[in-house]
Amino acid sequence: MAATAAERVVIENCAIATVDEGGTEFAAGHLVLAGNRIESVGAGRAPEDLQGVVRRIDATGHLATPGLVNTHHHFYQWITRGLATDHNLFDWLTALYPTWARIDEPMVHAAAQGSLAMMARGGVTTAMDHHYVFPRGAGDLSGAIVRAARDMGVRFTLARGSMDRGASDGGLPPDFAVEGLDEALAATEATVKEHHDASPDAMTQVAVAPCSPFSVSTDLMRRGAELARSLGVRLHTHGSETVEEEKFCHELFGMGPTDYFESTGWLGEDVWMAHCVHMNDADIAAFARTGTGVAHCPSSNARLAAGIARVPDLIAAGVPVGLGVDGTASNESGELHTELRNAVLVNRLGPHREAALTARQSLRLGTIGGAKVLGRAADTGSLEPGKLADLVLWKMDTLAHSSIADPVTALVLGAPAPVTASFVNGRQIVADGRLTTVDEDAVARATRDEARRLARIAARG
């Protein structure tokens, strides 16, 4: 998009981590935004003779980074946080599916607002939601989620999920929580046609996303992949999250998850999978060979005792890896910044120990890594001229960080840094730690009310 001089915003006097291919950083630098794009990035102050500058931001004491990119989430779970806190994945799902199967459109909209608000005020500029629970008569759930993201002002990918394998067919969800095969495919296609924008600066995109091998039939996996590719959109699902899933796949399909995914057309550069904790060398090689991406969710994996993903090995093999919050029923904080820190700490508990991940590698996972996983790295995920103006100013001169000399280390390993400003598509959506697009207090009230309403409905059975 060509910008006029009147659209320029100048940000200067801040440290900058561009997260470009060469890892360029500036101890004191500037950015010029023109319309919804970054016009220039460099050391020192911006030129004084720039024409049509409508705003100059003195960002002294701040670190500028690309906006964080969340690659896996379940927004609706915002209203079921704090439940089943001592369960593994399968027991946790069994405990919560009967409640989740009673959600409706107002609940989903409020939960999406809560999830998005918590992420956005913590530096997320590109979010995604994997929504796969569609009770009959619940209303337009996909539309409610898209509306919440649009009103919040974040860039967004809706992964339209589905489940057609209920308990009577050997799956985990109760039968009343699943859709029919043809019904799920038709609804997914309609969602893509209504909401997907294929343009480079799209604010809303849609992916095809059957939920998981243990809640989806093989027909839905195969036909879902065919549908996605016929529509030109990406594919997303859960994969290799737990040892129980590995056992389930061997018992039901006679092969492990990765081989099963390959047999159904679910490996490729247009695919990303959540978790990928229990993968052997052959699995990692298959992902690398096909360009299949991974959403690493360290907090959720720890909460559900799923294990430690082999992130250093995935990165070394060339697998695209981003970070994910996962649903807030298994990660109650709902902040992606937490995942930057936990990705480093959790992976250092694995076999690579202190060599597992650095702070800068973690920041890459949370920015350009996530953009690659979502298929958007050409336009976002790093601070480079021509890319979309999606960026965050983190305040690094407060008590929490001021004695840490390296701002990237301070951001990743320190306490959550205050967000002074967050821009999406050139529009500021956070100012001094508060959202500018929605009333946070109203969102908090709505999510509390809808959580209580859902709990009452679930209690009645």
Measure the acute angle between the ring planes of W266 and F261, then classify it against the limits of 30° and 60° as parallel, tilted or perpendicular. tilted
Parallel, tilted or perpendicular for H74 and Y76, by the 30°/60° rule? tilted
In sequence, state the C-alpha distance, the side-chain angles, and the governing distance for T125 and L391, and then conclude on side chain to side chain contact (heavy atoms under 4.5 Å, CB included). CA-CA 7 Å; T125 57; L391 65 142; over 6 Å; no
Do D197 and M203 have side chains that approach each other closer than 4.5 Å (heavy atoms only, starting at C-beta)? no
Is it true that the side chains of D129 and H73 contain a donor and an acceptor less than 3.5 Å apart? no
Closest non-hydrogen contact found for C276 with A309 is O-CB, 3.8 Å
Should the pair R56-D58 be classified as a salt bridge under the 4.0 Å nitrogen-to-oxygen rule? no
What one should report as the nearest heavy-atom pair of A112 and A148 is CB-CB, 3.7 Å
Please examine the side chains of R55 and Q428, heavy atoms only from C-beta on, and report whether any two atoms are closer than 4.5 Å. yes
Keeping the roles fixed (side chain from N347, backbone from P312), state whether a donor-acceptor pair exists under 3.5 Å. no
Going by heavy atoms in the side chains, are V344 and T358 under 4.5 Å from each other? no
Side chain to side chain contact (heavy atoms under 4.5 Å, CB included) between R364 and R360, worked out: CA-CA 6 Å; R364 291 192 73 83; R360 280 169 173 77; 5.6 Å; no
Are side-chain heavy atoms of L68 and V392 found at a separation under 4.5 Å? no
Sequence-distant partners of R353, salt bridge (Lys or Arg N to Asp or Glu O under 4.0 Å), two or more places apart: none
For N331 versus S299, what's the shortest heavy-atom pair and its separation? ND2-CB, 3.7 Å
What closest approach, in Å, do R303 and S330 show between heavy atoms, and which atom pair accounts for it? CG-O, 3.1 Å
T18 meets the side-chain hydrogen bond (donor to acceptor under 3.5 Å, both in side chains) criterion, sequence neighbours left out, with D20
Any luck finding a side-chain donor-acceptor pair between S142 and H195 under 3.5 Å? no
Drop me the distance from I368's CD1 to L363's CG, to the nearest 0.5 angstrom. 11.0 Å
Going from OG1 on T437 to CZ on R427, what distance comes out if it is rounded to the nearest 0.5 angstrom? 6.0 Å
Please examine the side chains of N88 and T242, heavy atoms only from C-beta on, and report whether any two atoms are closer than 4.5 Å. no
By the definition side-chain contact (heavy atoms from CB on, under 4.5 Å), identify the one residue from L357, L413, T367, L323 that meets it with L340. L323
Once rounded to the nearest 0.5 Å, what's the spacing between atom CG of D326 and atom CG of L336? 11.5 Å
Applying the side chain to side chain donor-acceptor pair (under 3.5 Å) criterion to R155, which one of T380, N425, T204, D201 satisfies it? N425
Evaluation steps, side chain to side chain contact (heavy atoms under 4.5 Å, CB included), between L83 and L96: CA-CA 8 Å; L83 304 176; L96 289 174; 3.9 Å; yes
From CA spacing to verdict: side chain to side chain contact (heavy atoms under 4.5 Å, CB included), L411, M396: CA-CA 8 Å; L411 175 68; M396 308 305 295; 4.3 Å; yes
Cationic N near anionic O, under 4.0 Å, E194 to R160: no
Sequence neighbours excluded - salt bridge (Lys or Arg N to Asp or Glu O under 4.0 Å) pairs with any residue from residues 272-283: D281-R310
Which class fits the ring pair H236 and H238: parallel under 30°, tilted 30 to 60°, perpendicular over 60°? tilted
May I ask you to test the L388-N36 pair for a side-chain heavy-atom distance under 4.5 Å? yes
Of the options F75, F134, W78, W92, which is the one that meets W100 in a ring-ring contact (aromatic ring centres under 6.0 Å, His included)? W92
NZ/NE/NH1/NH2 to OD/OE distance under 4.0 Å, R37 and D379: yes
On a heavy-atom basis, which atom in A46 and which in V10 lie closest, and how many Å separate them? CB-CG1, 3.5 Å
